[in-house]
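For reference, the structure is listed below as C-alpha cells.
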Amino acid sequence: MTDDYENLDNSIKNLKMYAVDAFAAKATRAIYDQLPLSKLPFFSSSFTRGKNSYEIYIIDPGTDPVTAEIQIDRPKGDVGGGTVHANVDKGNYWTRRGNEHLVNPFLEHDFVRDFNTVRQAIEELVAPWRDLPKPSVIEGVYDNDFQNISTALAIPGASVGVASPTGESNIYSRLNLVKDASDAMAGTSWDAFRGKFYELLPPAINANNALAHYLASTIKAEGTLFKEARSLVAELVEKASQAFNAAGNNWSTDIPFDWKIVLDIAVLVAGAAADVVSGGAATSVVAASAVNLGLEVVKTVVDREERTAKGEANYDNVLDSFKNDMEAISSHVFETEKEIGNNLNRNCIQAIRGSAHYDIKLGEITTGSSEELAIKDRDKVRTIYQTVMPDISNELAGIAGKTGKLAVPFANAIARHGKVGIGEFGPLGQFQNLAYVIASYLNELSEEAGLGGKNLEAAVNDIDVQDEDSQRALDSTINDIENYTKRND
C-alpha cells in the first residue's frame, strides 16, 4: 500500500470528485423532498450520475404524462461543476400550471458554491498529509551518513583485536600498529601509557559508537513512522473514495459501506528502533544494547488499534468516518513521535551524567630512568608519536564533525507539514542535542589522543637529554683519566 502513496495526488482528486458526487445525491434529494408534490403517490423521481452531469427526473404518469429533467454539471476531476440546466415536456398539465414550482428550487440552489465547499473540506483533512517524508530518503541518512560514522568508530569488543570490525576503521588499523610495541619500548612509563591509551581508549570509542547507535535508532524510527503513515493515508483515501463513489451513484438509502484500518505505528516504530541497538539479525557485531550505558530505546506508547467504519453510504456518514480515522492516524503519529523526542531527551541527559563512559584522561608521562622508559627501536617509537597518535586524533576529530552535522541531512529527510506529528521538523531539536553531546565526547577523545602522543614524544626527548648528559659526563671522566695518566707518566 505504501506504493499507492506515490499516486496520492491523483487519489485525492478522485476522493474529491466522489465526495462531490455523494454530496450532489444528498443535496438534490433534499431539494426534491421539499417540493410540495414530492409526497404524492402518482409522482416518481430518480437521480442518475452520468459521465458529465447529474440527472434528476421527475415524472407525472397521469393522463397527460410530463417529465421534468434537471441536469447539474458534474466536476471534471476535482474542479468545476455545479451549473444547473432544466427542461420540462410541454404537456397540457404543465402548460396550464407551469413548472416554476418544480425546477426553480434546483435552478436557484448554488451548487457551484457547495461543490467548492465539499472539495475544501476534503482538502483541509488531507493537505497536511501530502508530501510526507520519503522512507527511502530517511533510510539513506541511516545507511550512508550514520553508517560512515559507525564504521569509522568500529573498535570491536572491549579491546582491539578481539574481532574484526564490521567496516574499514582507520582508528582500528592505527591502534593495531601499537598493539604490541615491546620491541620498540619498554619500562614502567611505557606500560602506563599503553594501558591508558591502548586499553582505555577503545572502550571509550565503543561507548561513543553505542551512543551513536541509540541516536541512529531514532532515524530508523522516523523512517518506519512515515512508512506506516504514508501507507495508512493512501489506504484510507482509497477506502473513503470507494464509499463516496457508492453514495453518489443514486438516491438509494440501502447501500452500506464498511472499512477497517489497523493502526500499529507505535509497535512497529519501537521494533525498528530496538533492532538498531540490538544488532538486528547481525551476529558478527557487538550490540549497542550490550554496552552498559543506562540508555533506553524508543517505547511503545500507543497500543495497536483496529478501527472499523460502517453504516449507510451517504455523504455525511462517509465524511465523518473519514475525518475520524484521519484524526486517529494523526493521534498515533503524534504520540509516537513525541516518544521519539522524549527518548532522545532521556538518553541525552543520561549520556551527560555518564560522561566517564565516553571520555578518558591520559596522564602525563614522566621519566627518571631507563627503567621507566627504555627505547629499543627509535624509528618505531617515532612512528607512534609522530604518525599513529596524530592520525587517531585527526580521525576522531573528523568523526566528531560529521556527527555534529548529522542533524542537517536528518532535518532535510523528515521535514513535513507542521500539523503532522510534533511539528515541521519533528524531534530535530532533541536529535541535534544528543548529536552535539556525542560530537563533544569525540572531540575530547581527539584532544586526549593528541596529548598522549605529545606526552610520549616529550618522554622520549627527556630520555635523549638524559643520554646526552650521561655521555657528556662520561666524556669528561674519560678526559680526566687521560689527563691524569699523562701527568703520572
Side-chain angles (χ1 to χ4, degrees), residues 2 5 8-9 12 122-142 145-146 212 214-234 236-237 263-273 276 296-303 305 323-352 403-439:
T2 302
Y5 187 88
L8 185 65
D9 286 346
I12 291 174
I122 297 295
E123 182 61 28
E124 288 177 359
L125 291 174
V126 300
W129 301 92
R130 293 180 183 269
D131 301 319
L132 289 178
K134 293 183 177 181
S136 60
V137 175
I138 301 175
E139 192 73 16
V141 177
Y142 180 88
D145 300 87
F146 165 70
Y214 280 89
L215 177 71
S217 72
T218 62
I219 302 176
K220 279 284 191 178
E222 285 285 311
T224 302
L225 172 71
F226 285 107
K227 177 182 178 182
E228 294 307 309
R230 288 161 67 99
S231 178
L232 285 166
V233 169
L236 184 56
V237 166
L263 304 178
D264 53 0
I265 297 174
V267 177
L268 295 171
V269 164
V276 174
E296 299 179 7
V297 72
V298 174
K299 301 174 182 175
T300 301
V301 291
V302 187
D303 292 334
E305 179 184 5
K323 180 179 180 181
N324 290 339
D325 281 355
M326 285 298 299
E327 289 174 350
I329 294 173
S330 180
S331 176
H332 277 247
V333 169
F334 175 83
E335 293 298 331
T336 302
E337 191 166 54
K338 184 171 73 172
E339 162 58 14
I340 294 174
N342 289 340
N343 171 262
L344 285 164
N345 280 337
R346 292 192 297 267
N347 285 337
C348 186
I349 292 171
Q350 180 61 27
I352 294 171
T403 304
K405 296 176 181 178
L406 189 58
V408 175
F410 182 65
N412 292 332
I414 66 170
R416 83 304 292 261
H417 192 285
K419 290 184 177 180
V420 174
I422 59 175
E424 182 179 1
F425 292 103
L428 175 62
Q430 300 94 319
F431 183 93
Q432 196 168 36
N433 289 340
L434 182 53
Y436 281 168
V437 169
I438 300 171

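With sequence neighbours left out, E139 forms a side-chain hydrogen bond (donor to acceptor under 3.5 Å, both in side chains) with K220. Partners of I349 under the side-chain contact (heavy atoms from CB on, under 4.5 Å) rule, at least two apart in sequence or in another chain, are R353. Not counting sequence neighbours, the partners of V137 by the side-chain contact (heavy atoms from CB on, under 4.5 Å) test are K134, A413. With sequence neighbours excluded, no residue satisfies salt bridge (charged side-chain N to carboxylate O under 4.0 Å, His left out) with K419. Residues satisfying the side-chain contact (heavy atoms from CB on, under 4.5 Å) test with A272, not counting sequence neighbours, are T224. Listed by chain and residue number, R307, H332 satisfy the side-chain hydrogen bond (donor to acceptor under 3.5 Å, both in side chains) test with E305 (two or more places apart in sequence, or in another chain). Legend: residues meeting side-chain hydrogen bond (donor to acceptor under 3.5 Å, both in side chains) with Q432, ordered by chain and number and at least two apart, are Y436. Taking D9 as the reference, R130 meet the side-chain hydrogen bond (donor to acceptor under 3.5 Å, both in side chains) condition, with sequence neighbours excluded. With sequence neighbours left out, the ring-ring contact (aromatic ring centres under 6.0 Å, His included) criterion links Y142 to F146. In this structure K338 satisfies the salt bridge (charged side-chain N to carboxylate O under 4.0 Å, His left out) test together with E335, sequence neighbours excluded. For A273, the side-chain contact (heavy atoms from CB on, under 4.5 Å) partners are S217, A221, V297, V298, not counting sequence neighbours.
Here the shortest heavy-atom pairing between L8 and W129 reads CD2-O, 3.8 Å. Here the closest heavy-atom approach between residue A328 and residue L263 is recorded as CB-CD1, 3.8 Å. Closest non-hydrogen pair, C348 versus V437, comes out as SG-CG2, 3.7 Å. Here the shortest heavy-atom pairing between A127 and H417 reads O-CD2, 4.4 Å.
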Original post:
Which is it for F431 and I414 under the side-chain contact (heavy atoms from CB on, under 4.5 Å) test, yes or no, and what are the steps along the way?
Top reply: CA-CA 12 Å; F431 183 93; I414 66 170; over 6 Å; no
Original post:
Does the side-chain contact (heavy atoms from CB on, under 4.5 Å) test come out yes or no for V301 and N342, once each step is laid out?
Top reply: CA-CA 11 Å; V301 291; N342 289 340; over 6 Å; no
Original post:
Hey, mind stepping through L406 and L215 against side-chain contact (heavy atoms from CB on, under 4.5 Å) and telling me if it holds?
Top reply: CA-CA 10 Å; L406 189 58; L215 177 71; 3.9 Å; yes
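Here salt bridge (Lys or Arg N to Asp or Glu O under 4.0 Å) pairs that include residues 420-437, with residues two or more places apart or in two chains, number zero.
Using a cutoff of 4.0 Å between basic side-chain nitrogens and carboxylate oxygens, E124 and K323 are not scored as salt-bridged.
Distance check: N343 CG to K299 NZ gives 8.5 Å after rounding to the nearest 0.5 Å. Between atom OH of residue Y5 and atom CG of residue D131 there is a gap of 6.0 Å, rounded to the nearest 0.5 Å. Taken to the nearest 0.5 Å, the CD1 atom of I422 stands 4.5 Å off from the CD atom of E337. Taking CG of D303 as the reference point, atom OG1 of T300 lies at 8.5 Å (rounded to 0.5 Å). Atom CD of Q350 is separated from atom CG of L434 by 11.5 Å, given to the nearest 0.5 angstrom. Expressed to the nearest 0.5 Å, how far CG of D325 lies from CD of E327 amounts to 9.5 Å.
With a 4.5 Å cut-off on side-chain heavy atoms, I138 and P133 count as touching.
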